[in-house]
J.: 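The following block contains the structure, expressed as structure tokens.
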Amino acid sequence: MGKWIPLLSDFCYQNEFGIEGSFTIAFVRQHHNDWGTAQDHWERIVSRVLDTEAIPTGASGTEAMFHAVRASTVIIDRDHKGRCPHCAKSSSKRRSATLQSKTEGGQ
Ligand SMILES: [Zn+2]
């Protein structure tokens, strides 16, 4: 299944999904310009969406991927304000440490 998921870099060019290159740039930038990590998180998000009702029943493999890719960008841009949901999940564990260092660094 993983090999069906389009590369983030594909969106920098004209693509059948209609995704803007700016989506890829913003997503990769969130991962400190680490394309490998960004691609890994992208694939996790898309494969999770593939298992939801965002995909019409009876959709072919290509149709299902189209819907999953479109739905994933909406989830990231609208529901998560452009943040990577996968990173958001793993960073919440570190939130208390971050808050503490912010307080110490304040006035
Ligand atoms: Zn991420």
Side-chain angles (χ1 to χ4, degrees):
M1 187 64 95
K3 66 183 172 193
W4 288 11
I5 297 175
L7 292 170
L8 284 167
S9 55
D10 288 352
F11 304 143
C12 294
Y13 309 96
Q14 197 133 65
N15 60 86
E16 68 264 42
F17 299 99
I19 310 291
E20 300 282 337
S22 55
F23 171 81
T24 296
I25 302 302
F27 194 76
V28 172
R29 194 171 290 158
Q30 274 182 68
H31 296 86
H32 310 284
N33 294 321
D34 182 342
W35 285 80
T37 305
Q39 180 66 31
D40 179 59
H41 291 187
W42 166 247
E43 289 181 8
R44 287 165 194 260
I45 295 158
V46 175
S47 47
R48 205 178 320 148
V49 172
L50 272 171
D51 287 333
T52 68
E53 64 268 24
I55 311 305
T57 43
S60 72
T62 317
E63 283 169 349
M65 185 55 73
F66 179 84
H67 285 288
V69 166
R70 299 287 304 181
S72 297
T73 61
V74 170
I75 288 166
I76 293 164
D77 281 343
R78 193 189 60 195
D79 300 350
H80 290 269
K81 313 260 183 268
R83 301 283 182 123
C84 170
H86 191 76
C87 284
K89 209 171 58 174
S90 53
S91 71
S92 62
K93 280 182 230 150
R94 292 195 296 267
R95 196 187 294 159
S96 55
T98 313
L99 277 177
Q100 197 178 3
S101 67
K102 266 188 192 155
T103 314
E104 284 166 2
Q107 298 175 357

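As the structure lists them, so they are numbered: ligands from 1, and atoms in each ligand from 1. Any value given below was found using the heavy atoms of this structure, including those in side chains, with hydrogens, waters and symmetry copies removed. These figures come from a predicted structure and were not determined experimentally. Just so you know, residue 1 is the first one in the sequence shown, and it goes up from there.
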J.: What is the name of the N/O/S atom of His41 that is nearest to the Zn ion (ligand 1)?
T.: ND1
J.: So does His86 have any N/O/S atom less than 2.8 Å away from the Zn ion (ligand 1)?
T.: no
J.: So, of the N/O/S atoms that His31 has, which is the nearest one to the Zn ion (ligand 1)?
T.: NE2
J.: Just how far is it from atom NE2 of His86 to atom CD of Gln30, taken to the nearest 0.5 Å?
T.: 13.0 Å
J.: Please list every donor-acceptor pair under 3.5 Å in which a side-chain atom of residues 74-84 meets a protein atom from a residue at least two apart or in another chain.
T.:
none

J.: Enumerate, atom names and distances included, each donor-acceptor pair closer than 3.5 Å involving a side-chain atom of residues 49-56, sequence neighbours excluded.
T.:
unit_1: Thr52; atom_1: OG1; unit_2: Val49; atom_2: O; d: 2.7
unit_1: Thr52; atom_1: OG1; unit_2: Ala54; atom_2: N; d: 3.2

J.: So that I know where these two stand, are Trp42 and Phe11 an aromatic pair - ring centroids less than 6.0 Å apart?
T.: yes
